[in-house]
Structures are given as structure tokens and as C-alpha cells.
Amino acid sequence: MKNYNHKEIEEKWQKKWEEDKIYEVKNPSNSSGQEKQKFYGLIEFPYPSGDGMHTGHLRSNTAMDIICRKRRMQGFNVLYPIGWDAFGLPTENYAIKMGLDPAVVTKQNTDNFRKQLKSAGFSFDWSREINTTDPQYYKWTQWIFLQFFKNNLAYKKKMTINWCPSCKIGLANEEVVDSKCERCGTSVEKKEKEQWMLAITKYAERLDKDLDEVDYLDRIKIQQRNWIGKSEGSEIEFKLVGARLPQEPGSLKVFTTRADTLLGATYVVLAPEHELIEKLKPEITNWDDIVNYIAQTKNKTEIQRTTNTSTGSVQVKTGVELKGVKVINPANNEELPIWIADYVLASYGTGAIMAVPAHDERDSEFAKKYNLPIKEIEVNDTEEGRKKMTETVGGKMVTTFKLRDWIFSRQRYWGEPIPMINCIKCGWVPVPEESLPVILPEVENYKATDTGESPLSKIDSWVNTKCPKCKGSAKRETDTMPNWAGSSWYYLRYIDPNNDQMLADIEKLKYWTPVNWYNGGMEHTTLHLLYSRFWHKFLFDIGVVPTSEPYQKRTSHGFILAENGEKMSKSRGNVVNPDQIIETYGADTLRVYEMFAAPFEQEFSWKTESIIGPRRFIEKIWKLKDKISDVPVENNLEKKVHQAIKKIGDDIETMSFNTSISHMMILANEMEKAEKINQSLYELFLKILCPFAPHVTEELWYELGHTKSIHTDTWPAYYENKIKDEKVKMVVQVNGKIRTLMEVESNMEEQEITKKALKNKDIIKWVEDKDIKKTIFVKNKLINFVVE
RNA sequence: GCCCGAGUGGUGGAACUGGUAUACACGCACGACUUAAAAUCGUGUCUCGUAAGGGAUGUGGGUUCGAUUCCCACCUCGGGCACCA
């Protein structure tokens, strides 16, 4: 037989599969009652960067490709789609630098990515390819935004935002890492800006609770739950008192999770932004100090307030007393002083706390610094204790969340225009749905402005428009959406990618949703994954999608690091290009290597030296074909094949791809020892290998005389009676130490084994002259004599 | 500080619900083939010991006939959160 030529084989079959459309999936026909069961496998669609893909990108795709190929052979109607998450800063920045249109750059990059993905032999249904920058796609992204607006979940708010002076862009909290811009590393500043917000906090409770219903890895659930930050506590009112306060003084509401410590409260603290401060101005005797302090904190972002950026540690606490007013502790009527301090956050709870220095480290630190009293008390830190105290003082139990509303405006060009129009008379008016999409206009200069306005603001002809309501002159919103927008619903569009009436047909959605299995990176757990769950729940509420959760199951892959253990990146110059690996070793080898190198969930360092192992394995499979002859099926080999069918089938379900491959290597070594191999056994081997190495198995399959693709054939079944061993190796121990092994018939009982073992010379020498006090017997595994 | 996860040969790693620790692969050494090299194939490869046997799964304890696996404490590394009251 000719030599294994990966290049020829892989190009040939990739072309043939595309011509035969074997991975294109049909929607169910409405007429027939009996439909194939569906399987929707999903990977995060790539951001087509100018650097091209690196080998790390292929890991998730390969894993899901294996799963989808197995499902197809198991008879499922499999949807495994692909597209491009193409809006975003790197493309815009690159386009600016090179003086190009971002749309042109995107086209180049997606062409390159497509070519790379095709060369790896993934079974994507390319007929459903989508692109978030396509107006026919973002029309529906804009449409969803309008629905949010109409349901009062999108609103404009003047707020201090995290501002990156280098990217000239407002950042969400999630995009700020160590008080630096996630993308460029510049220190984030504070800026006041009117921003569109999405009220994700209204869904906080459900986003937390419904995690119970989905099959996500525990660490993913835990991380989302921590991010949502649900916490049960109490709101308690403290009455205000002051020399000059009127008869009916106001009160101050604090939030606490430890109502039971109320008797230990020695002061209360307001966030510097708390609205009460201004109202109390006439009573306050040190107003200048207060104004000074507030001014100081105003210049800091929340991150600067909370974290010392140079040490990474928590800031030293500062504060100032509000002199002239006091509050009454409702539990014991004691008068307590009021302070303002920026260690209390305005955006959480009520923006005010009761300080219990004896039971809270932060309060303790603050009390010591400002010589405030510390009062030791008896506490009852149980649900009952907290409830009881809350009731006694007329407070109420409340639930709070750490989750904040989502800042949805970006002052950049390369994103979806937010479809809103500002009219002096009517205020914010949505663009009528029939006028969608609001097309992103071409601009001469894509550079962001120093004032923080989007580049779109400079195009008068686009900005100036008519109010859809009163027809008076009005202006378009010039901010664009963040790149999390298009990715929040893309999995729905694959189901019906060309629909121009709605984002996807409800009947098709009923068949295909939810996504059965979604694999992606841990870094998206609190961003994309949470955002898309939020959008999906909203779409469910307005009747657009039929399920309340988008993804039934979520798993996660470990990153592939460069050989030196660092993250792969172009700037570090340590990127391994898959094109070269595929050229030299072939896509099948690359796929097997990536799956074999380490457990799927774990990160690992790329090692080109080690690829030779998987390559030798594939060549071994290739050569085994020469051993095929019409010899009868050999029992031992048949058993090994059936054991492998079971093992590989199970391993794919748990994503234990590394052990699948080692097991197939063992089987290949076993076959190599055989003189001749019956063709049926070899074919079974090809079938369990084909999801991993689709090209070489297809070639061999056809060589064996088949005329239809192995990938449209059936997944083999194993038979329990064929995988059972008739003989087993029993471990014989004395006092827990292994003294010998005995090969015996399987299922032999204790009595017989004991008799046999005690005749064994390796055992006799350890047990003679001793009392056997106890015998431990595990069927088919071991026998252990405990002697005195 | 809090919440996840991980520590096993020279290297990546395996070991099912407590039952032969180091499978599979890389590397290395030796051998075969070759004029030679590459490729390929074969043998060996945790450690001490001539052997019988002993010791090793980050460290120290515990439970058990038996622990990489379960429990407690600690150390190191990776990830997430971080003044959320």
C-alpha cells in the first residue's frame, strides 16, 4: 500500500465533504410526525483577529467536533454551526492604524479564519455561517434592544464611568482588570457620561435560581453565583436626632446581614454620595469638612476608592463625622454618631451601614483609627437570631445582589448603532422597527474623539434626522453597542440565519433550542455566558423564544499555553500557527495531539516535540490495513475492540479525550502484534477513531471498498458478553502487602480462592506459623490475609 | 482576606464508586536494519538493594485489612472575587 500522505488525503476529503454537503443539517419537515432527535452542539464563535488563529483556538472546536460526529453516527440530527463575532476594538484600532475601513479588514480576517478552520476538518454546517457585522444580522440585535427599551429595561443614566484615556472608551466593570483597561493596560480614569444601561439586575434572582435547572460545571455555577452575589439581610431604620431638627425628624435606613449584632453598633456610616447628606446640611456644623471629603472621593473611581492600585491591597479607610446630628439605635435607644466614609458603597444595599466594630473587621479598623467605641456583645448568628432582631426593631428582611446594571454604550465606531433618536420635544424615541437596521455609515475618520463622543457624532448627515413621533428635527444616538451584544443571541440566529421577518422562526426554535451542549472559555463565565442568559430570559418573557434557558449544558476547556508556559500572543512572539502544523503533520495529527496532550479541562503547554507520538499512531493505523485478511474473528482481539468501543464511547461523553486516545493506542499496539486482522474488527476501530481523525479514517474506509462516508455510518455498539474477561488476575495480599498474583477463572468464590492462595509458595512463607485473623475478599480483584 | 481547582518519573500524564501506583506518549540509553544518517523495529528506563525485600503520589497527622483516592492541619502553584456590611 502507498505511503500515508496527509496533505493529499486531507485536501481531497475536505473538498468531497463540502461537495456532498454531508455536514449540512436540515430543519425538520412540518408534515412528517416522526422526527430525528436533534442535537445542537455549540462552541463560542471566534473573534476574527488579524493575527489569525493559533493552535489554542482549535481545542474547543475539536472537542465539540468529536462530540458532534459521534452524535451524527448515533443517528441524531446534528447542528454544529459557526460564525464570526466580528465587531470590536482590535479590528477598529488596526483599521485606524492602516487607514482601512474596518469592514474591509473584517472581510480579510474572516476569509483567513474560514480557510484555517476548513483545513482542520471540522464538521461545521457552513451554509449557516453568520457574521455579527452583517446588517441583516445586527438588524435583529438592534430589534432586541428596542424590545428592551419598550419593556423599560433599557434606560439612559448619567453616571461616572470607567474611562480608558488610551482607547477613548467607556468600560464596563467587567472590562476593568486591576483598575486597568482590559485591552490596553492603561490606568482607568473617571468620567461623567450619559450611558445606555440594560437592567440585568431585574433578572438577578432568576439568573441565580435557574442555575439549578441547567447542567453546567459546578465551578461555572459557583463563579456566576458569586458574581451575582445574592445575599439575604435586613433593612433597619435609625431615627435621626439633632438640636435643630424639626419635630418629625427623618430616619436613616441601613442594610445589614448581621441584624443580630445590632446591640453592638457604635456608629453609622453613609456613603459620600448618600442623598441624606445634602438634606441635613442646615443641621451640620462642620459642612466645610464634609464638602472637602466628598470632593476628594469624587475624583476617584470606585476601584481607586476600594483598592490601592500600587499594592493591590484594600485602601486605608478614611472618613469624617457629620457633626450636629445623631441617630438612635432602635434596639436600645442609644444615641450614635453619623460618619461618612468611602469604604461604604453607595450602590450596594441602602448606601448606609451600622458599624459593629466588635464583629466586623472593617468597622474595627475604622473605629480604631478614629477612636470610636468598640462594644462587645452576645450575638446570635443564626437565621432565627437575625430575623428576631429585625422584627423586634420593625425592620424588614430583604435580598440584595452585587450584580450591577450593564453599561451598554460605547463611544466607538465599529459596533452596532443604538437605534434611538433624541428629540427635544419627545425625548428618547425608538427607531421604528420597520426602519431597521440602522446602518453603520461609512466614515472618513474612525478615530475616537478626545471629548469622548463616538466618531459617528461627526457625520451630520447621519446624525440629523426626523423624530419618528412628532416629525420635528432630532438627532440619532451616536454611541454603539458593546461587542457582547451580538454574541448574546447568536446561537438563535444559526437556527434560522436568513429569516428577514423575525430573528428566528418560532417553530424552528421549538425544535432546536435549547443548545444541548455549549463549550467555551472560563473567561466568559461572568460576561458572555451571563449576558446571553439574561437576553434569552428576556426573549422568553416576550414570547420570542420557547425556553427560559439558552444552554442545557456548559463545559469548559483549559487554555493551551506557549512552550514556555506563557499565554500565547502575537506580542510575545510565541504563537504556534496551526497552518504550519497542519502542513507538516496533518490536521488529523494535530487534532489527536491536542486531545491527547492533557485532560481537556486543564491547561497545558504546547510542545511541538511531542506531536510525533500522535503522528506515529496515525501511521500505525495506516499500516495496519496491510494486515487485513479474511481470517476468522479472533476472540481476544474482538474482546479488546469491544472494550475500546465502550471506553471511547464513555470517554467522549465525559470529555476524557486523552484517555480515549491512549486506549486506542493500546488497541493499535495490540493489533500490531497480530499476524492478520479480520476486516470487521479493523472497521470497528476506524469507526471509533473517525471523530478524532476524520480524514485518514475516511480514506481507509473507502480503501476497504465502502462507497459512502464513514461519517454518515453508524456508531458501533458493544456487547457486554464480548467484553467480559473469563480469566482475571487476583491480587493476593498478606497484611495489605502484595505477595503474589494469581490468574483464576472470573467470579471464583472466596472459599476456593482462599484454598488456592494458601497453597501458593509465595504466600505460605508469609502465613505459616501465624494465625489468620481475618480474610478480606473482593471478587475478581483481591484477597487479603490479615495475620497476627 | 474569601471562593474554586491542582500538586504523581527527566517531561505531558494514567489509575473505574478505597483494592497490582507510574497505563499511554515524549525524551533518553542500548541493540537491529543501513556504507552512513534519518525513518522504522526491538529492549530498558521511579528509587535503595547482589538478592530476599524495602521506600516513594507536596508536607505532617488520622480513619482503614488496604489511601494518589476519604478526613484534619499546613506548604506551594493556577484561576476567580475583593471594603458587597
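Chain letters run A, B, ... following the sequence lines, proteins first, then strands; residues in each count from 1.
Nucleic acid contact for N784(A): base, since at least one base atom lies under 4.0 Å from a heavy atom of the residue. Note on I612(A): only backbone sugar-phosphate atoms sit closer than 4.0 angstrom, heavy atoms only; bases stay farther off. Here D363(A) lies out of heavy-atom contact (under 4.0 Å) with every strand. Note on I666(A): only backbone sugar-phosphate atoms sit closer than 4.0 angstrom, heavy atoms only; bases stay farther off. I353(A) comes within 4.0 angstrom of a base, heavy atoms only. Note on F401(A): nothing from the nucleic acid sits closer than 4.0 angstrom, heavy atoms only. Using a 4.0 Å heavy-atom cutoff across all strands shown, K765(A) reaches sugar-phosphate atoms only and no base atom. Counting non-hydrogen atoms under 4.0 angstrom, T400(A) reaches nothing in the nucleic acid.
Between K369(A) and C83(B), a side-chain N or O to OP1/OP2 separation shorter than 4.0 Å is absent. For G80(B), the OP1/OP2 oxygens have no side-chain nitrogen or oxygen of T525(A) closer than 4.0 Å. Distances shorter than 4.0 Å separate none of the side-chain N or O atoms of R739(A) from OP1 or OP2 on G66(B). Between Y348(A) and A85(B) there is a side-chain polar atom (N or O) within less than 4.0 angstrom of OP1 or OP2. In terms of phosphate contacts, N658(A) brings no side-chain nitrogen or oxygen within less than 4.0 Å of OP1 or OP2 of A25(B). Residue K607(A) has no polar side-chain atom (N or O) positioned under 4.0 Å from OP1 or OP2 of G13(B). Dashed line: the shortest gap from a side-chain N or O of R616(A) to OP1 or OP2 of U40(B) is under 4.0 Å.
Distance noted for atom P between U69(B) and U8(B): 13 Å (whole Å). The same atom, P, is picked in A39(B) and in C28(B); the two are 10 Å apart, to the nearest Å. Separation of the P atoms belonging to G58(B) and G9(B) is 8 Å when rounded to the nearest angstrom. Separation of the C1' atoms belonging to A23(B) and C71(B) is 29 Å when rounded to the nearest angstrom. Nucleotides G1(B) and C74(B), compared at atom P, are 12 Å apart to the nearest Å. Between C46(B) and A21(B), the two P atoms lie 15 Å apart (nearest whole Å). A gap of 15 Å separates the P atoms of U63(B) and C72(B), to the nearest Å. Comparing the same atom, P, in C65(B) and in U17(B) gives a spacing of 23 Å after rounding to whole Å.
Between I783(A) atom CD1 and C65(B) atom P the separation is 16 Å, expressed in whole Å. Taking atom CD1 of I738(A) as the reference point, atom C1' of A67(B) lies 13 Å away to the nearest angstrom. Whole-Å rounding puts the R615(A) CZ to A25(B) P distance at 17 Å.
Side-chain N/O atoms of Q602(A) and base N/O atoms of G5(B) include no donor-acceptor pair closer than 3.5 Å. Counting distance only, with no hydrogens placed and no angle test, the side-chain atoms of K774(A) and the base atoms of C65(B) include no donor-acceptor pair under 3.5 Å.
Across all strands shown, U64(B) forms no Watson-Crick or G-U wobble pair with both key distances under 3.5 Å. When both pairing distances are held under 3.5 Å, A39(B) makes no Watson-Crick or G-U pair with any nucleotide shown. Base-pair partner of C28(B): G44(B) (Watson-Crick or G-U wobble, both distances under 3.5 Å). Judged by Watson-Crick or G-U wobble contacts below 3.5 Å, the nucleotide A52(B) has no partner. The pairing partner recorded for C81(B) is G1(B), the criterion being a Watson-Crick or G-U wobble arrangement whose two distances lie under 3.5 angstrom. In a base pair of the Watson-Crick type (N1 to N3 plus N6-O4 or O6-N4) or a G-U wobble (N1-O2 and O6-N3), with each distance short of 3.5 Å, A73(B) is matched with U59(B). Base pairing annotation: A14(B) forms no Watson-Crick or G-U wobble pair, as no partner gives both donor-acceptor distances under 3.5 Å. Under the Watson-Crick or G-U wobble criterion, with both distances below 3.5 Å, U20(B) has no partner in any strand shown.
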Practice item. Using the ring pair (Phe, Tyr, Trp, His ring centres under 6.0 Å) rule, take F785(A) and W766(A) through it: C-alpha gap first, then chi angles, then the decisive distance, then the call. Key: CA-CA 10 Å; F785(A) 298 109; W766(A) 293 100; over 10 Å; no

**Study point:** Verdict with reasoning, K640(A) to E670(A), per salt bridge (charged side-chain N to carboxylate O under 4.0 Å, His left out)
**Key:** CA-CA 8 Å; K640(A) 298 247 154 79; E670(A) 202 65 41; 3.6 Å; yes

Check your understanding: Would E334(A) and K375(A) count as a salt bridge (charged side-chain N to carboxylate O under 4.0 Å, His left out) if you check the C-alpha gap in whole Å, the side-chain angles of each, and the deciding distance to 0.1 Å?
Key -> CA-CA 12 Å; E334(A) 254 177 50; K375(A) 197 173 154 193; 2.9 Å; yes

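Ion pairing between R572(A) and E566(A) holds under the 4.0 Å rule for side-chain N and carboxylate O.
If you run ring-ring contact (aromatic ring centres under 6.0 Å, His included) between Y593(A) and each of F657(A), Y585(A), W606(A), only W606(A) comes through.
The two atoms that bring V731(A) and I738(A) nearest to each other are CG1-CG1, 3.6 Å, heavy atoms only.
Ring orientation note: the planes of H524(A) and H528(A) are nearly perpendicular, at an angle over 60° on the 30°/60° scale.
Counting non-hydrogen atoms of neighbouring residues, nucleotides and ligands closer than 6.0 angstrom, the NZ atom of K7(A) reaches no more than 12 such neighbours.
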